Amino acid sequence: MLRLGVNIDHVATVRNARGTPWPDPLRAALMAQQAGADGITAHLREDRRHISDADIAHLADALDVPLNLEMAATAEMQAIALRHRPHAVCLVPEKREERTTEGGLDVAGDLARLADYVAPLREAGSRVSLFIGHDPRQIEAAAAAGAAVVELHTGAYCDFDTAGDIARRDAELAGLAEGARLAASLGLEVHAGHGLTFDTVGPIAALPQIAELNIGHFLIAESIFTGLGPAIAQMRRRMDAARAPA
Ligand SMILES: CC(=O)[C@@H](O)[C@H](O)COP(=O)(O)O
Ligand SMILES: NCC(=O)COP(=O)(O)O
């Protein structure tokens, strides 16, 4: 079954806006787990703009579903990951000035360093995922680096869809479909995420090689109006409908 990982970063964004203890990302994660999330994703950024070190400790201690720790490929983050040994570690590119993740990791351009970086995380028992674009060179490099998983960046596809640029959206979707096929052929588990909404999730969920979607910002936004449980349930329905036999 196609798994849904719920990213709770932006519960922490709301909390940090006032420096109060609420809303608590752990409470959101437990509610998401109760609502059927197959996993929880949390991005510990170097600037801690949302998720904190304490959030990661609380999640690692309390969750019954797998924790997917997103992080930059730095020494600081590697030590944190080795301390908590989450089910999965997803390496993502980070730039201080970015509003959100802007592209995929350049694995091909940093292969030797990333292969060395991945090894202790894998040996500690975490499944290592690399957050990349659908460029075949990046997918092949991810396999060479020893990752177990690639997560394909769906941000451009979502942006083109929102902008109504159908030709570029369809070209991006075709690239993602081809990337998923190539990744699976190389023995990589294939995930996807970034920017997915009720309206854009279907064609991505329909790609048969994809085992997991990680979705956050839209679900947290939707939860303001409907509650987190109903938002997750609706996303689950959209994902299942996309996978249902024609
Ligand atoms: C890698 C990715 O697309 C997201 O999981 C990431 O967490 C986005 O960063 P923000 O949550 O800070 O927007
Ligand atoms: N890796 C993608 C993720 O965890 C959630 O991204 P978004 O839905 O918050 O854009």
Side-chain angles (χ1 to χ4, degrees), residues 2-17 25 28-29 32 37-52 55-56 59 65-74 77 86-107 127-134 138 142 147 149-162 172 176 179-180 189-202 204-205 210-224 228 231-232 234-236 238-239:
L2 177 60
R3 298 190 304 270
L4 172 59
V6 175
N7 183 314
I8 55 165
D9 291 351
H10 298 293
V11 178
T13 298
V14 175
R15 175 193 62 192
N16 294 6
D38 300 295
I40 296 298
T41 291
H43 184 180
L44 183 64
R45 281 180 168 267
E46 290 183 279
D47 62 11
R48 282 33 173 213
R49 66 179 69 171
H50 41 53
I51 292 290
S52 69
D55 290 330
I56 296 299
L59 290 165
V65 295
L67 173 62
N68 173 33
L69 171 59
E70 288 186 337
M71 61 186 217
T74 64
M77 291 299 159
H87 168 78
V89 172
C90 181
L91 302 181
V92 304
E94 278 189 24
K95 291 190 286 290
R96 284 297 163 89
E97 65 280 3
E98 68 184 4
R99 184 163 59 180
T100 186
T101 303
E102 289 170 349
L105 206 58
D106 181 14
V107 186
R127 286 179 65 71
V128 178
S129 174
L130 302 181
F131 188 77
I132 61 173
H134 55 71
Q138 298 299 346
V149 181
V150 288
E151 181 166 329
L152 299 179
H153 194 324
T154 55
Y157 154 76
C158 292
D159 290 347
F160 290 141
D161 184 87
T162 303
E172 190 62 24
L176 288 162
E189 184 171 300
V190 189
H191 299 178
H194 196 93
L196 291 171
T197 68
F198 291 154
D199 293 336
T200 55
V201 72
I204 302 295
I210 291 183
E212 180 175 303
L213 299 180
N214 285 295
I215 305 174
H217 183 264
F218 175 78
L219 283 175
I220 301 309
E222 195 64 15
S223 73
I224 293 170
L228 186 55
I232 290 171
Q234 174 69 346
M235 188 62 79
R236 181 80 259 173
R238 298 289 178 106
M239 291 165 58

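Note that ligands are numbered from 1 as they come in the structure, with each ligand's atoms numbered from 1 the same way. Because the structure is predicted, anything quoted here is derived from the model rather than measured.
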Q: What are the atoms of ligand 1, with element, lying closer than 4.0 Å to any heavy atom of Asn7?
A: 5 (O), 7 (O)
Q: Starting from atom 5 (C) of ligand 2, what is the nearest protein heavy atom, named by residue and atom, and what distance separates them?
A: Asn214 O, 3.5 Å
Q: Identify the heavy atoms of Val65 and Gly39 that sit nearest to each other, and give their distance.
A: CG2-CA, 3.9 Å
Q: Counting from 1, what ligand 1 atoms have a heavy atom of Asp9 closer than 4.0 Å?
A: 7 (O), 10 (P), 11 (O)
Q: Going by distance alone, is a donor N or O of one side chain under 3.5 Å from an acceptor N or O of the other, for Asn68 and Thr41?
A: yes
Q: Looking at every heavy atom in both Leu196 and Tyr157, which two are closest together, and how far apart are they?
A: CD2-CE2, 4.2 Å
Q: Please round to the nearest 0.5 Å and tell me the distance separating atom CD1 of Ile40 and atom CG of Asn214.
A: 9.5 Å
Q: I need the contact type for Asn7 against ligand 2. Using non-hydrogen atoms and a strict under-4.0 Å cut-off, is it side chain, backbone, both or neither?
A: side chain
Q: Which pair of heavy atoms, one from Thr154 and one from Ala192, lies closest together, and at what distance?
A: CG2-CB, 3.9 Å
Q: Determine, step by step, whether Leu152 and Gln138 satisfy the side-chain contact (heavy atoms from CB on, under 4.5 Å) criterion, reporting the C-alpha distance in whole Å, the side-chain angles of both residues, the deciding distance to 0.1 Å, and the verdict.
A: CA-CA 10 Å; Leu152 299 179; Gln138 298 299 346; over 6 Å; no
Q: Which ligand 1 atoms are under 4.0 Å away from a heavy-atom of His50?
A: 10 (P), 11 (O), 12 (O)
Q: What residue and heavy atom of the protein are closest to atom 13 (O) of ligand 1, and at what distance?
A: Thr100 OG1, 2.6 Å
Q: Quick one: look up the protein heavy atom nearest atom 8 (O) of ligand 2 and list residue, atom name and how far away it is.
A: Gly216 N, 2.7 Å
Q: For atom 6 (O) of ligand 2, what is the nearest protein heavy atom, given as residue, atom name and distance?
A: His194 CA, 3.6 Å
Q: Looking only at protein heavy atoms, identify the closest one to atom 8 (C) of ligand 1 and say how far it is in Å.
A: Thr101 OG1, 3.2 Å
Q: Is the closest heavy-atom distance from Glu70 to ligand 2 below 4.0 Å?
A: yes
Q: Can you give me the closest heavy-atom contact between Met235 and Thr197, atom names plus distance?
A: CE-C, 3.7 Å
Q: Looking only at non-hydrogen atoms, which of His43, His191, His217 approaches atom 7 (P) of ligand 2 most closely?
A: His217
Q: Starting from atom 3 (O) of ligand 1, what is the nearest protein heavy atom, named by residue and atom, and what distance separates them?
A: His194 ND1, 2.5 Å
Q: Would you call Glu151 a ligand 1 contact, heavy-atom distance under 4.0 Å?
A: no
Q: Going by the atom numbers of ligand 1, which of them fall below 4.0 Å from some non-hydrogen atom of Val92?
A: 1 (C)
Q: Please determine if Arg99 has a nitrogen or oxygen closer than 3.5 Å to a nitrogen or oxygen of ligand 1.
A: no
Q: Which pair of heavy atoms, one from Val11 and one from Ala28, lies closest together, and at what distance?
A: CG2-CB, 3.8 Å
Q: Examine the side chains of His43 and Glu94 and answer whether a donor and an acceptor come within less than 3.5 Å of each other.
A: yes
Q: Could you go step by step and tell me if Ile8 and His50 meet the side-chain contact (heavy atoms from CB on, under 4.5 Å) rule?
A: CA-CA 9 Å; Ile8 55 165; His50 41 53; over 6 Å; no
Q: State the atoms of ligand 2, each with its element, that fall below the 4.0 Å cut-off from a heavy-atom position in Gly195.
A: 7 (P), 8 (O), 10 (O)
Q: Hey, which atoms in ligand 2 end up nearer than 4.0 Å to a heavy atom of Thr41?
A: 4 (O)
Q: Once the angle between the rings of His10 and His217 is folded into 0 to 90°, is it parallel (under 30°), tilted (30 to 60°) or perpendicular (over 60°)?
A: perpendicular
Q: Looking only at distances, please establish whether an N/O atom of ligand 2 is found under 3.5 Å from an N/O atom of Phe131.
A: no
Q: Quick one: look up the protein heavy atom nearest atom 1 (N) of ligand 2 and list residue, atom name and how far away it is.
A: Glu151 OE2, 2.6 Å
Q: Check Ala72 against Glu46 and note the closest heavy-atom contact, atom names and distance.
A: CB-OE1, 4.1 Å
Q: For atom 9 (O) of ligand 1, find the nearest protein heavy atom and state the residue, atom name and distance (0.1 Å precision).
A: Arg45 NH2, 3.3 Å
Q: To which protein heavy atom is atom 5 (O) of ligand 1 closest, and what is the distance rounded to 0.1 Å?
A: Glu70 OE1, 2.6 Å
Q: Do the charged groups of Arg45 and Asp47 touch, with an N to O distance under 4.0 Å?
A: no
